[in-house]
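Keep in mind it's a predicted model, so treat the numbers as computed, not measured. Below, each value reflects all heavy atoms present in this structure, side chains not excepted, and no hydrogens, waters or symmetry copies.
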Amino acid sequence: MLSMTRWSIKEENTPAVIKRFTSSPPALPPGVKMLGRWHEMGSGDGFALVEASDPIAVTRYILAWADLVDQKVYAVVTDEGIGQALSAP
C-alpha cells in the first residue's frame, strides 16, 4: 500500500524540528519503505511517499513527528493502479 504523508511544521517548533532532523531523525519503523520525501522551499511544508503493507506501521512513522508537526496521511495509487480500478467490470 502506498501512502502520502503531508506535513506542516508548527512555526514555534521550527528550531526543534531542525535539531531533530539534522541530528537524530527517527528511524523508519519495520515494514515502512521510504520512496521519497520532498520539502516545499521557503515554508515548513512537505510530503513523503512511503510503502507499507501495514497501516499501523505507517501510523508509527507519523507519530515519530506528531509532537512537532501537523500531518495528514492519504492512501494513494499509481496511474497503473487507478487504470486497473477504472477498467474493472
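Residues Val77 and Tyr74 fall into different hydrophobic clusters, defined by Ile, Leu, Val, Met, Phe, Trp and Tyr side chains chained together at heavy-atom separations under 4.5 Å. Grouping the Ile, Leu, Val, Met, Phe, Trp and Tyr side chains by contacts below 4.5 angstrom, directly or via other members, places Val73 apart from Leu49. At a threshold of 4.5 Å between side-chain heavy atoms, the hydrophobic network of Ile, Leu, Val, Met, Phe, Trp and Tyr places Met4 and Met34 in two separate groups. Linking ILVMFWY side-chain heavy atoms closer than 4.5 Å, directly or via other members, places Leu28 and Leu35 in two distinct hydrophobic clusters.
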Expected list for residues 5-14: side-chain donor-acceptor pairs under 3.5 angstrom, two or more places apart:
from	atom 1	to	atom 2	distance (Å)
Ser8	OG	Asp45	OD1	2.8
Asn13	ND2	Leu68	O	3.1
Thr14	OG1	Glu11	O	3.1

May I have the list of side-chain donor-acceptor pairs in residues 54-61 shorter than 3.5 Å, sequence neighbours left out?
from	atom 1	to	atom 2	distance (Å)
Asp54	OD1	Ile56	N	2.9
Thr59	OG1	Pro55	O	3.0

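Aromatic ring pairs are classed by plane angle as parallel below 30°, tilted from 30° to 60° and perpendicular above 60°; the pair Phe47 and Trp38 is parallel.
In terms of the side chain to side chain contact (heavy atoms under 4.5 Å, CB included) criterion, residue partners of Ala64 (sequence neighbours excluded) are, by chain and number, Pro26.
The minimum heavy-atom distance between Thr22 and Ile18, with the atom names listed, is OG1-O, 2.7 Å.
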